[in-house]
Amino acid sequence: MQVLHTVAELRTSLAGKTGTAFVPTMGNLHAGHVSLVELAKQHGQPVVASIFVNPLQFGAGEDFERYPRTLDADCNKLAAAGCDIVFAPAVSELYPVPQSFTVQPSDSLTRDLDGAFRPGHFNGVATVVLKLFNLVQPRVAVFGKKDCQQLLVIRELVRQFNLPIEIVAGDTLREADGLAMSSRNGYLDASERIQAVRLQHELATIRASVESGERDYASLSATACRHLKMAGWRVDYIELRDAMNLQTPAPDSRQLVVLGAAWLGKTRLIDNLDFDLPAQA
Ligand code: PAF
């Protein structure tokens, strides 16, 4: 496996390759990332993973500085997963001058859910992903379903800029108790870690209620928020949406997703569960 740090090395290594499968990451990799690399291997070759903690997508007071940088351990995991090339540029390599040209995703995709609580986040994500796509020029790129709104933004980026890239979504991997794997789970202390699965439980309760015919989505969300707050969480949102566009479900919406973001102490966790309603429900 090659570990490359400069744009020039990456371009040389990928010259003439037309079937590249790409997995962008911020490092501090866990089994969920490894599963994305394994998925990428089914879709193209060589498999390229990037490791870059992108300052543009972190707001003031967020965890850019403390986000773990674990390049050696990450490379071991990627090599074991069969990755061919790791691209791990410094900030000065990817942003040699201040990035004054940026991608502004449409307001309809980013004005609420995570976009409302992390202003500018999706501009930063879309901008770095477009840069990485331009450098790697993949045929396929793999993103995790856990970042549901991000996945929608990337799909729209590819569509509206006519990028010849197939976006493949990888399922969320979970710990034995159901907690979605996340690089940020490492911030949790022992008692928070035990509590952390509550977010997923509340989402699963909403899903079960909707599957059994309940349609008062606002009341379901309010109940879940109340439960989490009573258990000491600070809730950003719990929402039931149409999985196709993340808008409020229409009466005939059949593909739904329940999404949540909430804080346990200093750690912000997000999760979502997608599900289909039968046509007659
Ligand atoms: O999902 C992530 O890890 C990041 O948002 C991404 C897509 C690598 C862009 O920095």
Side-chain angles (χ1 to χ4, degrees), residues 4 7 10 20-37 39-40 47-59 62-71 73-75 77-78 81 83 85-91 93-95 99 102-105 109-110 113-115 117-136 138 140-158 161 163 165-173 180-187 259 261 267-272:
L4 310 176
V7 167
L10 182 74
T20 302
F22 178 43
V23 185
T25 84
M26 297 203 302
N28 194 25
L29 304 182
H30 50 69
H33 295 108
V34 170
S35 76
L36 300 182
V37 171
L39 186 57
V47 171
V48 178
S50 62
I51 296 179
F52 181 67
V53 186
N54 172 35
L56 243 55
Q57 69 188 73
F58 289 79
E62 292 191 346
D63 57 344
F64 174 70
E65 275 83 20
R66 78 165 169 148
Y67 199 92
R69 273 78 167 170
T70 53
L71 184 62
D74 291 345
C75 287
K77 289 177 191 166
L78 290 170
C83 179
I85 299 172
V86 177
F87 178 51
V91 172
E93 181 70 14
L94 220 50
Y95 298 119
Q99 187 74 25
T102 57
V103 179
Q104 171 98 45
L109 286 180
T110 60
L113 303 171
D114 257 32
F117 290 91
R118 303 189 65 188
H121 170 67
F122 289 114
N123 298 32
V125 170
T127 301
V128 81
V129 169
L130 183 61
K131 283 171 78 90
L132 291 167
F133 281 173
N134 282 333
L135 296 172
V136 176
V140 174
V142 181
F143 290 83
K145 284 190 193 171
K146 178 166 166 287
D147 294 299
C148 180
Q149 195 174 9
Q150 168 172 286
L151 185 58
L152 206 77
V153 167
I154 303 299
R155 285 195 192 284
E156 207 52 25
L157 171 85
V158 163
F161 285 106
L163 305 178
I165 302 172
E166 181 191 345
I167 301 300
V168 172
D171 288 330
T172 302
L173 255 62
M181 289 189 187
S182 164
S183 301
R184 292 186 167 100
N185 291 350
Y187 297 155
L259 311 99
T267 307
R268 185 175 189 270
L269 298 176
I270 64 169
D271 200 351
N272 68 82

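Atoms considered below: every heavy atom in the structure, side chains included; atoms not considered: hydrogens, waters and symmetry mates. When a ligand or atom number is given, it counts from 1 through the structure's own listing order. In this chain, numbering begins with 1 at the start of the sequence shown.
Looking only at heavy atoms of the protein, atom 3 (O) of ligand 1 is closest to M26 CG, 3.6 Å. The protein non-hydrogen atom at the shortest distance from atom 9 (C) of ligand 1 is Q57 OE1, 3.3 Å. In this structure, the protein non-hydrogen atom closest to atom 5 (O) of ligand 1 is Q150 OE1, 2.7 Å.
The structure places CD of E166 at 9.0 Å from CZ of R155, a figure rounded to the nearest 0.5 Å.
Nearest heavy atom pair, residue V37 against residue L78, reads CG2-CD2, 3.6 Å. Pairing each heavy atom of T172 with each of K145, the nearest pair is OG1-C, 3.9 Å.
Remark: ligand 1 atoms within the under-4.0 Å shell around heavy atoms of P24 are 8 (C). Shown in contact with V128 at under 4.0 Å from a heavy atom are these atoms of ligand 1, numbered in order with element: 9 (C), 10 (O).
None of N272, L113, I154 except one satisfies the side chain to side chain contact (heavy atoms under 4.5 Å, CB included) rule with Q149; the exception is L113.
For T25, every heavy-atom contact with ligand 1 shorter than 4.0 Å involves the backbone, none the side chain.
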Requested in this report: Apply side-chain contact (heavy atoms from CB on, under 4.5 Å) to the pair L29 and V34, showing each step before the final yes or no.
Outcome: CA-CA 7 Å; L29 304 182; V34 170; 5.6 Å; no
